[in-house]
Each structure stands twice: as structure tokens, then as C-alpha cells.
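Notes follow the structure.
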Amino acid sequence: MPHQVSIIIPAYNERERIGQTLERVLECIDRREWDAEVLVVDDGSTDGTLDIVADFMEQSERVHLLRNPSNRGKGYSVRNGLLQALGDVVMFTDADLSAPIDEAERLFDAIRAGADVAIGSRWLERQRQTMHQPLYRRFFGRCFNAVTRVVMGLPYADTQCGFKAFRRPAAQIIFRLQRIERWGFDPEILFIARRLRFRVKEVPVTWGHDERSKISYLRDGAKMLEDMARIRSNSVRGRYEAAIAAMKDVSRIVTARTSGERAAVSAHVVGTTGAVSN
């Protein structure tokens with residue numbers, strides 16, 4: 001049966017964190033009495049992450065596993081999860097829970113107030129940061145966000161926070177238009193949302209830096225700048241507009257509304273051969 005909320009957690013070699021993360025998410029769901037499912041999307045882990053998730057699946061019917069066919073990137077994993085989620089509201093959160101899962105209620109409030117997309121922000125209320133990033137990370141992060149605002153015309157203080165929620169119909173359209181599969185996908189989905197005139201609300205959230213963060217601003221930052229250039233190129237060439245025009249009859253979009261349908265359409269939706277485990 002459909003749920004009110006789907007929580008997607010992209011995971012790649014998260015053995016050290018995924019167990020504690022799932023414990024916190026399930027505890028929050030029970031305490032707040034959310035009607036929710038949790039989808040862990042594995043991106044080709046080789047460190048035992050799958051075994052830990054499998055243990056949680058035996059303990060809770062809320063936990064499910066999606067497997068990418070290979071290591072494809074965070075953007076691919078998020079798309080895979082959100083397109084197969086059953087909830088009326090779908091969200092994704094980083095596996096480190098840098099934004100505590102309780103803060104999702106702030107995103108849900110924005111959705112209930114009329115937003116189609118609610119994005120967590122580390123910078124709207126800086127006093128909410130419980131553990132600050134090292135200075136060099138703050139510098140590169142702010143520079144990247146400034147470039148994003150100028151190049152892509154995005155008016156948000158924080159495009160990269162891995163804590164975002166969507167009305168399901170909006171997610172079904174936005175993520176079918178997504179092309180960037182790795183770290184640079186966040187600006188793309190916000191760019192698409194604005195092109196489609198969806199209502200996007202930026203919400204301040206509590207956030208704490210995790211020193212085990214896997215993103216490198218030197219290595220991955222250069223790739224994200226390249227991704228932004230690709231997004232602008234796709235836009236100038238009219239590729240998003242052509243794809244939007246082809247999707248005008250949204251009634252023909254395949255949408256999974258039961259776990260059985262989710263397994264059946266997995267390959268069709270995102271081009272993955274990974275199976276859904278329950």
C-alpha cells in the first residue's frame with residue numbers, strides 16, 4: 001500500500017554508518033508516528049553494507065533495499081530511489097544524517113504549506129550548525145554555491161545540502177528529466193524544478209559536519225563545475241524543453257504504487273537491473 005512518506009538513503013560502502021543511521025531513522029518514525037518506508041539504495045558497495053541492511057530488513061517491514069547495477073553515483077542512486085518510492089511525499093537524506101532525521105518535519109511542513117519541493121539549508125540560519133566544517137570546506141562550498149547562483153540563476157543559499165523533499169508527482173517528473181548522475185545532480189534538479197515552475201521552498205535545518213564525508217572539493221568540485229557546464233549546454237540546446245514537451249501527457253508516466261509494482265517496473269523506470277528486496 002502507498003505510504004505518506006518515503007525516506008531514501010543513498011549508500012556506497014557505508015558499513016561504518018548505515019546501522020546507526022537506520023536505527024535513528026526507525027526510532028524517529030516510531031516516535032513521530034510517521035506512515036513511512038525507508039529505501040536504502042546501494043551503489044555497488046563491497047564492504048558489508050548490504051549485510052547490515054539485510055539484518056534491518058529482517059527486523060522491520062519498513063526497510064527495503066534497491067541495488068544499482070554498478071557504481072553509478074549519488075545522483076543516480078537518489079533518482080533510482082525517488083522514482084520507485086511509494087510515499088505521497090518523498091525525500092532523500094545523506095547516510096551520515098548530517099541533518100538529523102527529525103528535521104525532516106520542517107521539510108514536510110513546507111510541503112504541507114504548499115511547496116512542491118522543500119530543500120534543507122545549512123546557511124539560512126547558521127546558528128543551527130552544531131559542528132562546523134573546516135575552513136577550507138566552507139570556503140570551497142560557498143564559492144561553489146556562488147558560482148551556481150550566477151551560472152544557473154538559482155536563488156538558493158544552499159543547493160548542495162543532501163536533505164530534500166518533494167511531492168511525489170513533482171519528483172516523478174523532475175527526476176525523469178535528470179541527466180547528472182554524480183555529485184552535481186542537486187543544482188540540476190533545482191534548475192529543472194524552476195523551469196517547470198514548481199514551488200521550491202528553502203528551509204533552515206540543523207546540521208553538523210561529519211569528518212568522514214566522502215566528497216572532495218578539489219576532485220569532486222572540478223567535476224561539479226563540469227556538470228554545471230553540461231546543464232547549461234543542455235538548456236541552451238533545448239534538451240530539457242524537448243524532454244518536457246515529450247512528457248506533457250504525464251498520465252502515461254509509469255508510477256509504482258505497490259511494492260509488487262515497484263519490483264516489476266524497476267528496470268523500466270531508471271534502466272537498472274537491480275532487484276527490490278523486501
Side-chain angles (χ1 to χ4, degrees), residues 6-19 21-22 25 37-58 60 62-87 90-97 160 162-166 168 171-189 192 212-216 219-220 223-224 226-227 230-231 243 253-256 258-278:
S6 293
I7 301 171
I8 285 74
I9 305 173
Y12 174 65
N13 287 344
E14 291 288 355
R15 179 182 61 186
E16 294 184 2
R17 300 188 286 198
I18 195 64
T21 292
L22 287 173
V25 170
E37 63 170 356
V38 181
L39 275 67
V40 179
V41 184
D42 179 71
D43 195 28
S45 296
T46 59
D47 69 340
T49 295
L50 295 178
D51 294 333
I52 296 172
V53 176
D55 288 342
F56 275 88
M57 289 164 58
E58 291 182 359
S60 174
R62 296 187 184 277
V63 180
H64 308 280
L65 174 67
L66 303 177
R67 299 182 65 181
N68 296 341
S70 60
N71 177 252
R72 297 292 295 270
K74 181 182 176 182
Y76 184 98
S77 299
V78 170
R79 181 179 65 191
N80 190 355
L82 265 68
L83 287 181
Q84 298 190 59
L86 307 182
V90 297
M91 69 163 292
F92 68 89
T93 181
D94 288 340
D96 61 7
L97 290 185
Q160 295 303 117
F163 202 65
K164 295 179 173 68
F166 309 77
R168 187 171 185 275
Q172 289 282 312
I173 298 174
I174 292 169
F175 283 88
R176 278 180 170 77
L177 296 170
Q178 176 195 341
R179 297 293 178 266
I180 305 300
E181 294 189 345
R182 293 194 178 272
W183 294 107
F185 81 100
D186 289 276
E188 183 185 35
I189 61 176
I192 292 169
R212 296 169 295 180
S213 175
K214 297 178 180 179
I215 189 170
S216 165
R219 181 189 67 248
D220 299 314
K223 178 61 178 174
M224 286 191 286
E226 180 184 330
D227 287 339
R230 286 180 56 199
I231 296 166
I253 293 177
V254 177
T255 56
T258 70
S259 57
E261 288 174 335
R262 178 161 59 202
V265 305
S266 176
H268 178 80
V269 171
V270 290
T272 175
T273 57
V276 178
S277 302
N278 291 300

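Residues: numbered from 1 along the sequence shown.
- Between the side chain of Arg79 and the main chain of Gly75, no donor-acceptor pair closer than 3.5 Å is present.
- For Arg15 and Asp51, the salt-bridge test fails: no basic side-chain N is under 4.0 Å from an acidic carboxylate O.
- Interatomic distance, CG of Leu39 versus CG of Leu86, reported as 7.0 Å (0.5 Å rounding).
- To the nearest 0.5 Å, atom CD of residue Gln172 and atom CZ of residue Phe166 are 12.0 Å apart.
- In this structure the side chain of His64 never reaches within 4.5 angstrom of the side chain of Val38, judged on heavy atoms.
- The closest side-chain heavy-atom distance from Val25 to Ile7 is below 4.5 Å.
- A side-chain donor from one of Ser45 and Asp42 sits under 3.5 Å from a side-chain acceptor of the other.
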task = Evaluate salt bridge (charged side-chain N to carboxylate O under 4.0 Å, His left out) for Asp94 paired with Lys74, printing each intermediate quantity in order.
result = CA-CA 10 Å; Asp94 288 340; Lys74 181 182 176 182; 2.6 Å; yes
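- Ile189 is listed as a side-chain neighbour of Lys164, based on a closest heavy-atom distance under 4.5 Å.
- What you find for Ala85 and Ile8 is that their closest heavy atoms are CB-CD1, 3.9 Å.
- The backbone N or O of Gly162 sits nowhere less than 3.5 Å from a side-chain atom of Gln160 that would complete a donor-acceptor pair.
- Ile18 places a side-chain heavy atom less than 4.5 Å from the side chain of Ile9.
- Contact of the Asn68 side chain with the Val41 side chain is registered, since non-hydrogen atoms from C-beta on lie closer than 4.5 Å.
- Nearest heavy atom pair, residue Ala171 against residue Val90, reads CB-CG2, 3.6 Å.
- The CD atom of Gln178 sits 8.0 Å away from the CG atom of Leu83 when rounded to the nearest 0.5 Å.
- Between the CZ atom of Arg179 and the CD atom of Glu188 there is a distance of 7.5 Å, given to the nearest 0.5 Å.
- Take Phe185 and apply the ring-ring contact (aromatic ring centres under 6.0 Å, His included) test, not counting sequence neighbours, and it matches Phe92.
- When atom types are taken as modelled, the side chain of Asn71 and the backbone of Gly44 share no donor-acceptor pair closer than 3.5 angstrom.
- To the nearest 0.5 Å, atoms CG (Leu65) and CE (Met57) are separated by 5.5 Å.
- A heavy-atom distance below 4.5 Å is found between the side chains of Phe175 and Val78.
- The two residues Val40 and Ala11 come nearest to each other via the heavy atoms CG1-CB, 4.0 Å.
- Residues that satisfy the ring-ring contact (aromatic ring centres under 6.0 Å, His included) test with Phe56, not counting sequence neighbours, are absent from this structure.
- Taking both residues in full, the closest heavy atoms of Met91 and Leu82 are given as O-CD1, 4.1 Å, listed atom of the first, atom of the second, then distance.
- For the residue pair Ser6 and Glu37, a side-chain donor N or O sits within less than 3.5 Å of a side-chain acceptor on the partner.
- In this view, Leu177 and Ile173, Ile192, Leu196, Ala243, Ile244, Met247 satisfy the side-chain contact (heavy atoms from CB on, under 4.5 Å) rule, not counting sequence neighbours.
- To the nearest 0.5 Å, the span separating CG on Asp96 from CD on Glu16 amounts to 12.5 Å.
- Under 3.5 Å, the side chains of Asn13 and Thr49 contain no donor-acceptor pair of N or O atoms.
- Asp43 contributes a side-chain N or O that, together with a main-chain N or O of Gly73, makes up a donor-acceptor pair within less than 3.5 Å.
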